[in-house]
Amino acid sequence: MNYAIGVFAVLVAVISQVAIMPAFSVFGVQPNLVIVLLVAWMAARGRQEALVLIPIAGFTQGLLDSQPLGLAMLALAPLTLMTDFRELRLVDSEILPAIALTMAATVVYESTIMVTLVLTGESVTWLASVTNVLVPAAMANALLLIPVYWLIRISSLDLRQRPAFG
Amino acid sequence: MQVRTRTWFGFVVLASVLFLAASRVALLDPLENAALSVAAPIESGLRSATRPVADFINNITDINRLSNENVSLREENERLTAENALLTEAEQELRDLQGFLELRGIREGDSFVQADVFGTGPSNTLQVIAINRGSRDGIAENMLVLSPQGSVIGTISRVLADAAWVTLVTDQTSAISALIQESRAQGVVAGSADGTLDMEFVEETADVKEGDLVLTSGLGGDHPPGELIGRVIEVERAPQQLFQEVRVQPLADLTRLETVLVLSSFMPQDQATP
């Protein structure tokens, strides 16, 4: 697996996110396949590749979403800092920190969009947004991470011998 | 935290800010337009292909809700049938109905641009859809967007040459001046974070009941009057409150939109040419 496959996966995820994911709601929200893919890629393939894919995903998503180009990239940028967290290996598992990172990345992503709305003069109901959007979205993405992580992991020949939980 | 990661983070943030600045002066609109033009047919194809699968999964998970909805729809159908029979019999009520039709206009003077929905916003915070018509087709920001059946679904929030984004009425930034058709009570229909629709600022004394129709009032000149938004599904009155809490259900199913009509003949007051 190389960068080209990663970029292709990001493109598929971005297009699927705007075309398909709204039809599949979990906990009343649509999972964010792009965030999930980036975190799963980071967990299964390492920081090096993830660092390259994050801005590409942000740029591509910016081209296809309703927001100004650059906002999606800005909202995904904190993921680059989270790659260090993965390298710390605080627990003897790859998927558990990945689940935590997915939830954190989701909160940061949606919060960035909300802060932007506030900065552009729109009103945001923070409490309702947290309870109805942030928390369910974080949980939905954490659920989606598991199959995506395993898909990337079994596709990575060089990682097949490494146990995910030990 | 490693220096290299921080440097990369700084680079990504800087690039984001540069893109945002360029986007603010529409420098990159042609690039976004080209990307959307290429992606639109792919997204449309994917939406069509996965619709049956999504429906199947959602129906399984929503079986209780669908069952309850079926019961309430049957009841509503029965009530509406009885109401319709009464309307047919009563001349006065028939005149009211004709008045309503005149208020909405027979649409002879209105012009529409038909557009296909090919995408949805990736964030849960924003309730937006993408359509395959843009400024080249005469679409401008703030134009009202209707379902093919004629109820309001949202307004145009961003326009590119060949595509546009529609902010749905359920989005938390959406607010439309509205009135209850029966009692003429005024208010503002606003979206919320959880994607539901509320009519705010309805006076506590106003006669509002479940089933009442909610129309645009035209107040403020942002939208034409008399466009159907939805139906009142819940009314809550608290003794100490100045306003009632009125929950509204859009008539169109906003999760299954495939085609929409952009009302191109009405321009908001602040955009209309003098």
Side-chain angles (χ1 to χ4, degrees), chain A residues 14-26 28-30 32-34 47 51 54-55 58-78 80-81 83-84 87 109-111 113-114 117 122-134 136-137, chain B residues 1-2 4-6 8-9 11-13 15-24 28-29 31-32 34-36 39 42-47 49-51 53-55 57-58 61 118-126 128-130 157-158 165-167 172-173 175 190 192-195 255-256:
Chain A
V14 169
I15 289 180
S16 301
Q17 184 60 39
V18 291
I20 301 173
M21 294 314 283
F24 297 92
S25 66
V26 183
V29 294
Q30 51 168 320
N32 192 316
L33 191 56
V34 177
R47 184 174 61 185
L51 282 175
I54 290 165
F59 180 77
T60 316
Q61 186 163 307
L63 285 175
L64 299 184
D65 72 12
S66 63
Q67 295 302 298
L69 188 61
L71 183 60
M73 192 190 275
L74 189 65
L76 290 174
T80 56
L81 299 177
T83 56
D84 277 350
E87 300 302 313
Y109 177 86
E110 299 287 357
S111 299
I113 305 282
M114 284 193 282
L117 286 177
E122 304 287 356
S123 65
V124 170
T125 46
W126 286 97
L127 182 62
S129 296
V130 169
T131 54
N132 298 323
V133 176
L134 291 189
Chain B
M1 190 181 297
Q2 292 192 5
R4 189 166 165 273
T5 310
R6 275 184 297 184
W8 189 247
F9 172 70
F11 166 75
V12 175
V13 170
S16 307
V17 172
L18 287 175
F19 283 132
L20 280 168
S23 189
R24 192 161 178 81
L28 296 170
D29 277 8
L31 179 63
E32 287 187 71
L36 281 171
I42 302 171
E43 291 179 30
S44 291
L46 276 172
R47 281 168 70 91
T50 53
R51 176 73 70 188
V53 181
D55 283 350
I57 293 171
N58 288 336
T61 54
F118 69 86
T120 313
S123 165
N124 285 297
T125 309
L126 304 167
V128 290
I129 55 171
S157 52
R158 189 169 180 221
W165 288 91
V166 180
T167 297
Q172 61 179 324
T173 63
S192 61
D194 61 356
T255 61
R256 298 178 59 88

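In what follows, chains carry the letters A, B, and so on, assigned in the order in which the sequence lines appear, proteins first and then strands, with residues in each chain numbered from 1. Quick note: numbers below take in every heavy atom, side chains included, and nothing from hydrogens, waters or symmetry partners.
To the nearest 0.5 Å, atoms OG1 (Thr131(A)) and CH2 (Trp126(A)) are separated by 13.0 Å. Note: Leu71(A) CG to Tyr109(A) OH = 7.5 Å, rounded to the nearest 0.5 Å.
Most heavy-atom pairs under 4.5 Å with chain A: of the set Ser123(B), Ser192(B), Ala175(B), Gly119(B), this distinction falls to Ser123(B).
Using a 4.5 Å cut-off between heavy atoms, Ser23(B) touches chain A through its side chain atoms alone. Contact of Val133(A) with chain B is made through the side chain alone, with heavy-atom distances under 4.5 Å. Interface residue Asn32(A): only side-chain heavy atoms are found under 4.5 Å from chain B. Residue contact with chain A, scored on non-hydrogen atoms closer than 4.5 Å, involves the backbone and the side chain of Leu20(B) alike. Only the side chain of Leu28(B) comes within less than 4.5 Å of a heavy atom in chain A; its backbone stays farther off. Contact of Gln61(A) with chain B is made through the side chain alone, with heavy-atom distances under 4.5 Å. When heavy atoms are compared at a cutoff of 4.5 Å, Ala22(B) does not approach chain A at all. Of the two parts of Leu18(B), neither the backbone nor the side chain holds a non-hydrogen atom closer than 4.5 Å to a non-hydrogen atom of chain A.
In this structure, Asp29(B) pairs ionically with Arg158(B), as a charged nitrogen and a carboxylate oxygen lie closer than 4.0 Å.
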